[in-house]
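FYI, side chains are in, hydrogens and waters are out, and symmetry mates aren't considered; it's all heavy atoms of this structure.
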Amino acid sequence: MAGLSLKHIYKKYPGGVTAVSDFNLEIKDKEFLIFVGPSGCGKSTTLRMIAGLEEITEGELFIGDTLVNDVAPKDRDIAMVFQNYALYPHMTVFENMAFGLKLRKVSKEEIKRRVEEAAKILDINHLLDRKPKALSGGQKQRVALGRAIVRSPKVFLLDEPLSNLDAKLRASMRTELTKLHKKVGTTFIYVTHDQTEAMTMATRIVVMKDGLIQQVDTPQNLYDYPCNLFVAGFIGSPQMNFITSKLVKKGDDLYLEFGSTSIKLPAEKAANPALLEYIDQEVVMGIRPEHVHDDPNFISNSPDTLMESDVEVTELMGAEIYLYLGFEGQEDATNGKTIIARVSSRSQSRAGDHIKVGFDAERIHIFDKDTERCIVH
């Protein structure tokens, strides 16, 4: 088992394209670490550099205490699971899983033992005699995982392994992968652009954008304490509402104002000295949809955080309803002149209604409009 250390890693391609810039990360032994970010942010390139499939332009990569920049992929004791499974069509499931061990001259008895053990863990022991064409997408994915498990590598690398599966199977495979990580007890490094996968499986998440690390933290901390607008908007579904507002001081209190709406900040937030330089300036207010309420009790108890709005669209999600609310004032940075409220399925609000909603001011985030960094959580 091993941890990894990436120190000042760069990946530059001919023509001056830099895919990954100054990447620094310590990955703990047995961690389930997930790289997440939009397409083209450098997450798969970083994974391929760890695997040895891409050359590192600058920087140092250690697996355990060993510098592996110039170590061949086959000698890094790493197993990689690809998006397209990469199974040999002419081989049975058993032969696919055993292939890597045969190349390493492992004995037949040991190969049989390891393959059957991995097949049992993945619940594919009844498929060992089948060829890949007779398997479903989920079964192929399990075989690809099994081929990695039999090698007992120090590190598992998984490059968007669930993206070819349908939604229901993806959800069940997420659970299976989490269980597998606990059973196998080794380091998992996983790449996805799906933040739901990242939030549900990772012990820590690395959020990337344009080849740069934006933030590394636990799923809950990323959700509650995003360091900038990008992370705040990328993590969470539906995503955080962003409203350009003016920070105004009235007596001892601070308010966020947009259009005819004025939201009073709680004393604890208002006391943050970082806000002093932003008084009478525009900032970006961020609030998650579940912290915008249409509940009459909340509204009657929160007279200083109310906004009048028109319900434009409602989406019934079963246990909850998403309200798309039109409002006057500055545009929401992501949804134009609409913000989203995530409310109880018992809500009486319907499309066409003019309603009041209350903001949970304790849960407001304030961002610098220019640098996009978070000033106050």
May I have all residue pairs that pass side chain to side chain donor-acceptor pair (under 3.5 Å) and include part of residues 222-234, sequence neighbours excluded? Gln214-Asn228, Gln220-Asp224, Tyr223-Glu290

The salt bridge (Lys or Arg N to Asp or Glu O under 4.0 Å) partners of Glu26 (sequence neighbours excluded) come to none

Nearest heavy-atom neighbours spanning Met307 and Thr261: CG-OG1, 3.5 Å

Does atom NZ of Lys246 have more than 12 heavy-atom neighbours from other groups under 6.0 Å away? no

Partner of Glu117 by side chain to side chain donor-acceptor pair (under 3.5 Å), out of Lys120, Arg114, Arg113: Arg113

Find out if a path of hydrophobic residues (ILVMFWY) with successive side-chain heavy-atom gaps under 4.5 Å connects Leu162 to Val81. yes

Under 4.5 Å side-chain heavy-atom separation, chaining through any Ile, Leu, Val, Met, Phe, Trp or Tyr, what else clusters with Leu67? Say none if it is isolated. Phe62

When the ring centroid of Phe99 is compared with that of Phe94, is the distance short of 6.0 Å? no

Give me the other members of the hydrophobic cluster that Tyr10 sits in, counting Ile, Leu, Val, Met, Phe, Trp and Tyr linked by side-chain heavy atoms under 4.5 Å, directly or via other members. none

So which atom in Ser237 and which in Arg342 form the shortest heavy-atom distance, rounded to 0.1 Å? O-NH1, 3.4 Å

Which atoms form the tightest heavy-atom contact between Gly358 and Leu306, and what is the distance? CA-CD2, 3.7 Å

Test of understanding: with salt bridge (Lys or Arg N to Asp or Glu O under 4.0 Å), list the residues that count as partners of Glu95, not counting sequence neighbours. none

Tell me if a side-chain donor or acceptor on Arg204 pairs with a main-chain N or O of Asp217 at a distance below 3.5 Å. no

State whether Asp368 and Arg373 are salt-bridged, where the test is any N-O pair (Lys NZ or Arg NE/NH1/NH2 against Asp/Glu carboxylate O) under 4.0 Å. no

Check for me, please, whether Tyr190 and Phe23 land in the same ILVMFWY cluster - side-chain distances under 4.5 Å, paths through other members count. no

Does the side-chain hydrogen bond (donor to acceptor under 3.5 Å, both in side chains) test come out yes or no for Glu312 and Thr338, once each step is laid out? CA-CA 8 Å; Glu312 295 178 343; Thr338 307; 3.3 Å; yes

Cation-pi geometry met for Lys209 and Phe234 (6.0 Å, 45°): no

Could you point out which residue of His377, Lys269, Arg288 forms a side chain to side chain donor-acceptor pair (under 3.5 Å) with His365? His377

Can a donor-acceptor pair be found, under 3.5 Å and without considering hydrogens, that links the side chain of Asn96 to the backbone of Thr92? yes

Counting neighbours of CG on Asp75 that are heavy atoms of other residues, nucleotides or ligands and sit closer than 6.0 Å, is the number greater than 12? yes

For Gln281 and Tyr278, indicate whether the former's side chain and the latter's backbone hold a donor-acceptor pair under 3.5 Å. no

Partners of Phe298 by ring-ring contact (aromatic ring centres under 6.0 Å, His included), sequence neighbours excluded? His293

Sequence neighbours left out, what passes ring-ring contact (aromatic ring centres under 6.0 Å, His included) with His8? Give chain and number order. none

For residues 165-185, which residue pairs qualify under side chain to side chain donor-acceptor pair (under 3.5 Å), counting only residues two or more places apart or in two chains? Arg174-Thr200

Which pairs with one or both residues in residues 37-46 pass side chain to side chain donor-acceptor pair (under 3.5 Å), sequence neighbours excluded? Ser44-Asp159

Between the main-chain N or O of Gly100 and the side-chain N or O of Arg104, is there a donor-acceptor pair closer than 3.5 Å? yes

Could you tell me the separation between the OH atom of Tyr13 and the CD atom of Glu55, rounded to the nearest 0.5 Å? 10.5 Å

Out of Asp370, Val376, Ile366, which residue meets the side-chain contact (heavy atoms from CB on, under 4.5 Å) rule with Val283? Ile366

Under a 3.5 Å distance rule, please check whether Glu54 uses its side chain to pair with a backbone N or O of Gly52 as donor and acceptor. no

Applying side chain to side chain donor-acceptor pair (under 3.5 Å), which residue pairs with at least one partner in residues 296-309 are found, sequence neighbours left out? Glu308-His354

For Arg76, check salt bridge (Lys or Arg N to Asp or Glu O under 4.0 Å) against everything at least two apart and list the hits. none

Polar side-chain atom of Thr18 near backbone of Val20 as donor-acceptor pair, under 3.5 Å: no

Heavy atoms of Cys374 and Pro226 approach each other most closely as CB-O, 3.6 Å

Is it true that a side-chain atom of Thr186 and a backbone atom of Lys154 form a donor plus acceptor pair closer than 3.5 Å? yes

Counting distance only, does the side-chain N/O of Ser345 pair as donor-acceptor with the main-chain N or O of Ile321 below 3.5 Å? no

Any residue meeting salt bridge (Lys or Arg N to Asp or Glu O under 4.0 Å) with Glu372, in chain and number order, not counting sequence neighbours: none

Do Val71 and Ile9 share a hydrophobic cluster (ILVMFWY, side-chain heavy atoms under 4.5 Å, transitive)? yes

Cationic tip of Lys369 above Phe367 ring, under 6.0 Å, 45° of axis: no

When every non-hydrogen atom of Val357 is compared with those of Ile299, the smallest separation belongs to CA-CD1, 4.2 Å

Between Leu47 and Leu33, is there a shared hydrophobic cluster once you connect ILVMFWY residues whose side-chain heavy atoms come closer than 4.5 Å? yes

Kindly say whether Ser349 contributes a backbone atom to a donor-acceptor pair with the side chain of Ser347 at under 3.5 angstrom? yes

With the side chain counted from C-beta on, respond yes when Pro289 and Asn241 share a heavy-atom pair under 4.5 Å apart, and no when they do not. yes

How far apart are the C-alpha atoms of Val143 and Met97, what are their side-chain angles, what is the distance that settles it, and do they pass the side-chain contact (heavy atoms from CB on, under 4.5 Å) test? CA-CA 7 Å; Val143 176; Met97 289 171 67; 4.1 Å; yes

Point-to-point distance, once rounded to the nearest 0.5 Å, from CZ of Phe188 to CD1 of Ile34: 10.5 Å

Can you name the closest pair of heavy atoms from Leu135 and Lys140 and give their distance? O-CE, 3.6 Å

Could you measure the distance from the CG atom of Asn69 to the NZ atom of Lys7? Nearest 0.5 Å is fine. 11.5 Å

With a 4.5 Å heavy-atom cut-off, do Leu265 and Asp253 have their side chains touching? no

Approximate separation, where rounding is to 0.5 Å, of Asp294 CG and Leu325 CG: 8.5 Å

Working to the nearest 0.5 Å, report the span between CG of Leu323 and CD1 of Ile340. 10.0 Å

Please say whether more than 12 non-hydrogen atoms of neighbouring residues, nucleotides or ligands are located less than 6.0 Å from NZ in Lys250. yes

Would you say Ile213 and Val207 make side-chain contact, with heavy atoms under 4.5 Å? no

How are the rings of Phe258 and Phe359 set relative to one another: parallel (under 30°), tilted (30 to 60°) or perpendicular (over 60°)? parallel

Got a sec: does the NZ of Lys249 have more than 12 other heavy atoms crowding it under 6.0 Å? yes

Hey, could you give me the CD1/CD distance between Ile189 and Glu31, rounded to the nearest 0.5 Å? 8.5 Å

If only atom types and distance count, is the side chain of Asn272 paired as donor or acceptor with the main-chain N or O of Ala274 below 3.5 Å? yes

